[in-house]
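Quick notes on the structure that follows.
Lettering of chains follows the sequences in order, A, B, ..., and the numbering in each one begins at 1.
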Number of protein chains: 2
Amino acid sequence: MTLQHDPRQNHLLAALPRDEYENLAPHLERVDLTLGDSLVESGKVMRHVYFPTDSIVSLLCVMEDGDSTEIAVVGAEGIVGISLFMGGETTPSRAIVQSAGTAYRVKGQVIKDEFYRAGPLQGLLLRYTQALLTQMAQTAVCNRHHSLDQQLCRWLLLSLDRLPTNELIMTQELIANMLGVRREGVTESAGKLQKAGLISYHRGRITVLDRLGLEARVCEC
Amino acid sequence: MTLQHDPRQNHLLAALPRDEYENLAPHLERVDLTLGDSLVESGKVMRHVYFPTDSIVSLLCVMEDGDSTEIAVVGAEGIVGISLFMGGETTPSRAIVQSAGTAYRVKGQVIKDEFYRAGPLQGLLLRYTQALLTQMAQTAVCNRHHSLDQQLCRWLLLSLDRLPTNELIMTQELIANMLGVRREGVTESAGKLQKAGLISYHRGRITVLDRLGLEARVCEC
DNA sequence: ACGCTTCCGTGCGTTAGCGTACAAAGTGCC
DNA sequence: GGCACTTTGTACGCTAACGCACGGAAGCGT
């Protein structure tokens, strides 16, 4: 039963007309991503773009001194490696696997060719890029104006939206890294949420109990 | 002498091959922008894209409660209204004129047609969009990790890069609005810079005296 | 059962930036 | 010159988040 791993679980691939998809299909290579994998190293040349199906990837912006911040999250609704078709083969950001799972990748040249043929794929990718821009803007303003509590809620929801279950495998340390804050800060905020009965976590395993409760706490972002 | 107002002062237009440019030229409409003008209201439908020549435009992300943050700055090197050709006719961000000057605008439909003809303009716009993404990422990480002092330096330099002179017309109040911080905070930071002899300002008129000094203080962003 | 490592809790003092309030200085208008 | 308005300076208490340091607890291997 390979249906469990259909590339068309990715929404962009699913939105392609059948013939276009058949065209691309031979170039799709399945990869299993494990937590912490780095798909794109900041500044390095990229060879593939990735279409996540049941995995989640975080886009981080890393600075010279090692500090970093998550600028966007990509799941089955998107694609990792935008800059390949946007022009310029490097990005200033790093892409880290935030939730283990599967993705399908295609060679950079293939996606470029498809993109510049100006078919339906192009429109899809452009619209997704636009959505990504929006997400980044939200992140920026949220970083500026909202409390860590709210940002944590937002982060949990962003992840939850891209997950089939309500369980995240993720230590507080890692979350802190993504958000660009202290680990202790996450401990504290997560403690509040746990006390409020919204989540329960245990050694790198976070279960969301009350999604609506989280939504009530989160900012509009 | 209309050379002072040549659309090709905009770098994107300047990079077009002559025939492509001649194609577009009849649709270019000159507009004079004054400080504080709003080119794009968050959520509203856009009718034009703008190519600034000697004006500067700030892209702000505004929230429901009125708080806002600048997410990018656009000058002669770019274009305002990306989402028109990226798909989706609205943006979540607002575009405010930060420095008065001239820009050339074209109707949304025209730029779309040109874009989807997949000529040289398309590549230029895509690459610029990629650059914008990078700028936004930098802004996000800078918001998170750097002091107001550094952010102010960065902001001054970003503006300076897009200006023919070393004088900015901009009150501290407005800067604070852009950066999404308190006015008093800007007063304080600006005071430090003034004491250090890097800038001098006076009632909405900031003169940069020592650009290298600013660069020494700013973060890598 | 033992030790090791990872993960989480907690408790300091410190600091950057916020909110508020008000004073001073420059500008323009009559 | 007088008056209203804008812009900038300053002060004070407050809070969120930081940096650091430690202690405990859960899991893992042997």
Worksheet item: How would you list, by chain and number, every residue that makes a ring pair (Phe, Tyr, Trp, His ring centres under 6.0 Å) with F85(B), sequence neighbours excluded?
Response: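 Testing F85(B) for ring pair (Phe, Tyr, Trp, His ring centres under 6.0 Å), a comparison that skips the adjacent residues, returns F115(B).
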Practice prompt. Report which part of the nucleic acid G185(A) touches: base, sugar-phosphate, or nothing (heavy-atom distance under 4.0 Å, all strands).
Written response: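 Touches nothing.
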Worksheet entry | Touch class at under 4.0 angstrom, heavy-atom based, for E188(A) against every strand present |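 It contacts nothing in the nucleic acid.
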Worksheet item: Just to confirm, is there a sub-4.0 Å distance from OP1 or OP2 of dT6(D) to any side-chain nitrogen or oxygen of Q172(B)?
Response: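 Negative; the distance criterion is not met.
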Discussion item. Using OP1 and OP2 only, check whether a side-chain N or O of H202(A) sits under 4.0 Å from dA25(D).
Written reply: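 For dA25(D), neither OP1 nor OP2 has a side-chain N or O of H202(A) closer than 4.0 Å.
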Worksheet item: Heavy atom of residues 138-152 of chain A under 4.0 Å from DNA chain D: which residues?
Response: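 Only S147(A), L148(A) qualify.
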Discussion item. With the threshold set at under 4.0 Å for non-hydrogen atoms, list the residues of residues 59-72 of chain A touching DNA chain D in residue-number order.
Written reply: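 Heavy-atom cutoff 4.0 Å gives no residues at all.
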Fill in: Members of residues 189-199 of chain B that approach DNA chain C, where some heavy atom sits under 4.0 Å away
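Within this stretch, nothing sits under 4.0 Å of the strand.
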Mind checking the [atom1]-[atom2] spacing from [X] to [Y]? Nearest 0.5 Å is all I need.
X	Y	atom1	atom2	answer
L193(B)	L198(B)	CG	CG	5.5 Å
R8(B)	T53(B)	CZ	OG1	13.5 Å
N10(A)	L28(A)	CG	CG	9.5 Å

Practice prompt. With the side chain of Y201(A) defined as its heavy atoms from C-beta on, choose the nearest nucleotide among dG9(C), dT10(D), dT7(D).
Written response: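 Ranking dG9(C), dT10(D), dT7(D) by closest atom to the Y201(A) side chain puts dG9(C) first.
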Worksheet entry | Given dT8(D), dC8(C), dA11(D), the nucleotide with the shortest approach to the side chain of E184(B) |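 From the listed options, dA11(D) comes nearest.
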Is a donor on one side and an acceptor on the other found under 3.5 Å between the side chain of [X] and the backbone of [Y]?
X	Y	result
D37(A)	T34(A)	yes
R105(B)	Y50(B)	no
Q151(A)	L179(A)	no
S93(A)	L59(A)	no
R144(B)	A140(B)	no
Q194(B)	Y201(B)	yes
Y104(A)	A25(A)	no

Worksheet entry | Heavy-atom donor-acceptor pair, R203(B) side-chain to dT6(D) base, under 3.5 Å |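 Under the 3.5 Å cut-off, the side chain and the base do form a donor-acceptor pair.
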Item to complete: Give a yes or no on whether a donor-acceptor pair under 3.5 Å exists between the nucleobase atoms of dC8(C), that is its base, and the side chain of E173(A).
Response: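 Counting by modelled atom types and ignoring angles, no donor-acceptor contact under 3.5 Å is found here.
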Item to complete: Quantify the bending of the helix from dA1(C)-dT30(D) to dC30(C)-dG1(D) as the angle between its end axes, each fitted on five pairs, to 10°.
Response: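 That helix has its two terminal axes inclined by roughly 30°.
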Worksheet item: For residues D149(B) and S189(B), is any side-chain donor paired with an opposing acceptor at under 3.5 Å?
Response: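 The answer is yes; a qualifying pair exists.
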Worksheet item: Going by distance alone, is a donor N or O of one side chain under 3.5 Å from an acceptor N or O of the other, for T139(A) and R154(A)?
Response: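 Checked: T139(A)/R154(A) side chains pair up, N/O donor to acceptor below 3.5 Å.
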Worksheet item: Which pairs count as ring-ring contact (aromatic ring centres under 6.0 Å, His included) when at least one residue sits in residues 124-173 of chain A, sequence neighbours excluded?
Response: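 Qualifying pairs, neighbours excluded: none.
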Worksheet item: Over how many whole Å does the gap from R182(A) atom CZ to dG9(C) atom C1' extend?
Response: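 Those two atoms, CZ and C1', are 12 Å apart.
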Worksheet item: Between R205(A) (CZ) and dC8(C) (C1'), how many Å, whole number?
Response: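 From R205(A) CZ to dC8(C) C1': 16 Å.
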Discussion item. Closest-nucleotide mapping onto DNA chain D: is G180(A) or R183(B) further toward the 5' terminus? I mean the 5' end.
Written reply: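 First, find each residue's nearest nucleotide; the 5'-ward one identifies R183(B).
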